[in-house]
Amino acid sequence: MKRRIASLLSLVVLPCALSMGFGATAVMAAGTKNASSGKTELVVGLSQDLDNSLDPYQITAAGTREVLFNVFEGLVKPDTDGSFVDAVASGHSVSEDGCTYTFTLRDGVKFHNGEAVTSDDVLYSFETCAATATNTAVAGALSDIQDITASDNEITITLPEANSSFLSTVSSVSIIPKDYTDQATAPVGTGPFRFESYSPQDKVVFVRNEDYYGGAPQLEKVICRIYEDANALFTSLDAGTLDMASHLALEQVNSLSNGYEVIEGEMNLVQALYLNNAKAPFDDEKVRQALCYAVDVDSLLELTEDGHGAKLGSSIYPSFTKYFDETLVDAYPYDPEKAAELLEEAGASGLSFTIKVPSNYQPHVDTANVLVEMLAAAGINASIQKVEWSTWLSDVYQGRDFEATVIGFDAAYLSPDALLQRWVSTDSSNMIGYSNEAYDAAIEKAHHAADDEAQVEAYKEAQKILSDTAANVYLQDMADFVVLNPAFTGYEFYPLYAIDFSKIHPAE
Amino acid sequence: MKLVLKKTASLIITLFIVSLLAFLAFQIIPGDPTTKILGTNASPEKVQALRAQLGLDRPVLLRYWDWLVSFLKGDFGTSYNYLRPVGSLLADKLPVTIALTLLSFVMTVVISIPLGILAGRVRSQAADHAGVVLNQVIMAVPPFFFGILSCYLFGIVLKWFQPGNYISLSDSVAGGISYLLLPALSLALPRIAMTVRMLRGSIREELTHNYVYTAQARGMSPGKILIRHVLKNAMIPVVTFLAVSAAEIMTGTIIIEQVFTIPGIGRLLVSSIGNRDFPVVQAIVVLLAAWIMIVNFIADMLNHWMDPRLAGM
């Protein structure tokens with residue numbers, strides 16, 4: 001039955017792609033739709049449904065995190081430039097030795113259920129997050145806390161040793177009301193928007209938080225319509241049903257006919273040809289390096305995205321400005337001859353392997369197709385096996401039963417750990433089975449660095465090791481296109497998955 | 001009465017087999033619900049814990065038995081992916097699909113019967129040929145294609161409606177129905193064409209029977225002959241076909257709901273298969289199977305009632 005439905009679906013998808021082609025021929029005057037200014041209801045298209053649980057500590061999908069960004073806040077929260085600004089706390093200070101953090105609770109912050117935020121709620125949030133968070137890196141960082149106490153409106157957190165990225169952990173502990181048990185279905189936080197309703201596969205509605213301490217947002221209501229299908233979303237967008245959509249592909253943006261404003265940023269993903277370092281043939285560093293030399297990332301960008309997108313050299317994307325090491329981007333210049341040499345040295349001439357790609361992520365499938373052609377030019381015979389997303393998760397991600405795969409990893413919170421921690425040899429999400437003592441030591445060093453500079457240095461060292469050992473063939477942070485009805489303005493990109501509705505407002 | 005009992009028994013047995021097969025199919029396909037729920041945060045320990053929590057670590061047949069017992073008690077279980085009772089999920093989605101099916105069915109009947117009678121009576125060879133060709137074309141085009149075409153034509157070019165802007169029936173019945181008009185028509189078109197063809201054929205055949213000449217000889221007007229005598233007989237196969245169409249329309253919504261982004265059970269079914277959300281899939285499969293069989297049963301009954309020759313069988 002599954003196969004039958006799958007084949008039926010492929011029938012649907014094919015003509016949808018055709019209909020997209022039609023879109024390009026329809027000529028519309030720019031901005032004719034919804035040109036009336038002063039609209040305060042924003043309709044956003046989401047290309048995937050929300051996670052099963054909306055509990056901030058249980059969210060796994062980036063698509064859920066980016067909209068609930070508006071509902072939940074920590075004591076501090078990430079800003080567009082990658083720094084942390086005070087949120088539920090009105091101020092914070094760090095002791096001289098870097099071990100004690102003191103946060104002052106902001107006066108008059110209310111939860112969406114009308115109750116005032118107390119220091120008890122904050123303690124409860126930290127405890128609950130440490131005990132239940134699905135994100136192992138966050139839970140791990142919280143378990144290191146030696147002591148957390150509250151007196152009046154001061155919260156003091158003591159760490160056994162300095163950790164200069166501790167604020168990023170604090171930012172991922174959303175402050176939630178104590179003993180409220182319905183977070184999974186009716187989330188309550190302190191953010192600029194209040195969760196109103198969610199109907200699976202249909203829509204999720206947010207209304208503005210009139211009591212927001214930072215001033216009520218200008219938008220009254222945000223309706224997110226759920227599509228689960230990129231083509232259906234695009235048709236709706238082109239017909240003017242939606243005011244905004246993000247994560248669009250270049251070809252979609254190019255065939256959009258109704259004069260929406262297009263804003264270009266980056267996806268904040270590390271897209272790479274991930275290699276199973278634990279299994280032949282990619283347990284051999286030389287073979288991995290050969291692949292790096294055999295891939296011409298510049299022409300890959302040209303072919304898949306007309307040159308948009310940013311090149312990567314390691315597991316950090318450029319929005320992490322402080323940590324991103326751009327010298328690694330060209331560590332492996334395109335050199336098919338060198339690739340062939342390395343393969344010969346490794347005794348792996350005539351290498352052939354399979355790339356497993358999740359079939360529902362077209363950009364990754366496109367990238368894989370280009371890679372296969374490039375590798376063929378270097379005498380490497382790669383083939384593509386498309387798998388369903390659940391199969392990818394169970395076989396590739398959990399089962400680690402793969403040779404190579406194309407996928408993008410995003411950062412769940414604003415710390416290099418969100419991207420680098422997973423390659424530590426003992427980490428349970430180390431999908432590629434990467435095991436390098438120097439790397440583990442570098443990450444350890446970063447965690448315990450006393451000052452910021454030493455920490456950045458350690459993270460850069462870790463990136464360098466990934467690059468030197470050619471852990472994966474690093475490709476790009478793909479271009480992210482957001483389209484917005486010209487009746488609205490103010491969209492801003494964050495260095496992680498977040499759509500900040502509070503910044504969007506009607507255009508004058 | 002005996003027939004009703006027999007049919008009911010076969011309904012129950014078939015539903016049992018369908019549900020068992022759907023259950024077993026889920027054991028064969030790769031992936032399990034925990035992978036989708038945990039996503040890239042999965043670790044072997046977490047998978048184990050969640051499997052235990054969802055009861056997936058127990059033997060297959062035991063799980064089937066538990067499911068069956070609670071299903072019979074009216075408890076459809078809890079969706080893994082939406083963490084809410086399957087019953088309440090279906091209560092949300094089913095009205096949409098039923099409205100779509102009904103609308104489409106009414107369209108089929110209301111449009112195809114007058115057209116079929118017209119096609120059966122038309123004298124002009126040229127008009128008849130043109131009708132037959134047009135009919136063939138419409139019959140051959142699958143509903144999803146009509147759907148995509150109308151999304152493009154009425155949505156993007158003419159802007160008469162907004163694709164993807166489904167208005168929930170609970171917000172506005174009129175708004176919801178008006179959004180469903182095009183999807184319903186897309187589903188109905190091929191079936192209208194088939195019904196017209198059938199009615200045309202069966203009217204033309206009836207018109208060659210002797211009773212028609214007798215009626216003519218008695219001076220009855222052609223219109224009266226058609227309505228009183230010919231149509232009564234010609235409609236027998238058509239009614240059966242329409243009843244079966246009602247079943248097909250319901251299953252056809254699976255695809256048309258994807259094309260028009262309608263939050264009905266078709267979309268729920270497809271995504272639940274992808275999510276390995278077994279309790280939801282199981283409930284919908286049983287529901288669809290039951291619907292198909294009940295409709296077929298009604299078709300049988302109608303046949304018996306309309307055609308006295310079958311009454312003794």
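To find a chain, count down the sequence lines: A is the first, B the second, and so on, and within it residues start at 1.
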Legend entry - Heavy-atom pairs under 4.5 Å with chain A, option from Ser271(B), Pro142(B), Gly147(B), Gly264(B) with the top count: Ser271(B)
Legend entry - Donor-acceptor contact present, side-chain Lys203(A) to main-chain Tyr166(B), <3.5 Å: no
Legend entry - Under 4.5 Å from any heavy atom of chain B - which part of Ala184(A): side chain
Inset, instruction - Count the heavy atoms belonging to other residues, nucleotides or ligands that lie under 6.0 Å from CG of Leu61(B), then report whether that count exceeds 12. - result: no
Legend entry - side chain to side chain donor-acceptor pair (under 3.5 Å) partners of residues 140-150 of chain B, not counting sequence neighbours, each pair once: none
Legend entry - Distance, nearest 0.5 Å, that separates OG of Ser53(A) from CG of Asn81(B): 11.0 Å
Inset, instruction - Looking only at non-hydrogen atoms, find the nearest pair between Glu388(A) and Gly274(B) and report the distance. - result: OE2-CA, 3.9 Å
Inset, instruction - Indicate yes or no for a side-chain donor-acceptor contact from Gln201(A) to the backbone of Arg267(B) under 3.5 Å, with no hydrogens or angles considered. - result: yes
Inset, instruction - Check whether Ile262(B) gets within reach of chain A through its side chain, its backbone, both or neither, counting any heavy atom under 4.5 Å. - result: neither
Atom pairs and distances, donor-acceptor, side-chain atoms in residues 12-25 of chain B, under 3.5 Å, two or more places apart:
from: Thr14(B); atom 1: OG1; to: Ser10(B); atom 2: O; distance (Å): 2.5
from: Ser19(B); atom 1: OG; to: Leu15(B); atom 2: O; distance (Å): 3.3
from: Ser19(B); atom 1: OG; to: Phe16(B); atom 2: O; distance (Å): 2.9
from: Ser19(B); atom 1: OG; to: Tyr64(B); atom 2: OH; distance (Å): 2.7

Legend entry - Close contacts, residues 178-188 of chain B versus chain A, judged by heavy atoms under 4.5 Å: none
Legend entry - pair Pro263(B)-Arg225(A): side-chain heavy atoms closer than 4.5 Å: no
Inset, instruction - Kindly indicate whether the side chain of Leu89(B), heavy atoms from C-beta on, has any atom under 4.5 Å from the side chain of Pro200(A). - result: yes
Inset, instruction - Output the distance between atom OH (Tyr82(B)) and atom CG (Asp51(A)), rounded to the nearest 0.5 Å. - result: 11.0 Å
Legend entry - Part of Asp49(A) lying under 4.5 Å from any heavy atom of chain B: side chain
Inset, instruction - Measure Phe260(B) against the heavy atoms of chain A and call it side chain, backbone, both or neither at under 4.5 Å. - result: neither
Legend entry - Tyr80(B) backbone acceptor or donor facing Asn52(A) side chain under 3.5 Å: yes
Inset, instruction - Against chain B, label Gln398(A) side chain, backbone, both or neither, depending on which of its atoms sit under 4.5 Å from a heavy atom there. - result: side chain
Inset, instruction - Find the distance between CG (Leu50(B)) and OG1 (Thr134(A)) and round it off to the nearest 0.5 Å. - result: 11.0 Å
Legend entry - Nearest heavy-atom neighbours spanning Ala239(A) and Gly155(B): CB-O, 3.9 Å
Inset, instruction - First locate atom CG of Asp202(A), then atom CG of Leu268(B), and finally report the distance between them rounded to the nearest 0.5 Å. - result: 11.5 Å
Inset, instruction - Supply the atom-to-atom distance Arg276(B) CZ to Ser394(A) OG, rounded to the nearest 0.5 angstrom. - result: 7.5 Å
Inset, instruction - Output all residues satisfying side-chain contact (heavy atoms from CB on, under 4.5 Å) with Ala283(B), sequence neighbours left out; order by chain, then residue number. - result: Phe76(B), Val86(B), Leu90(B)
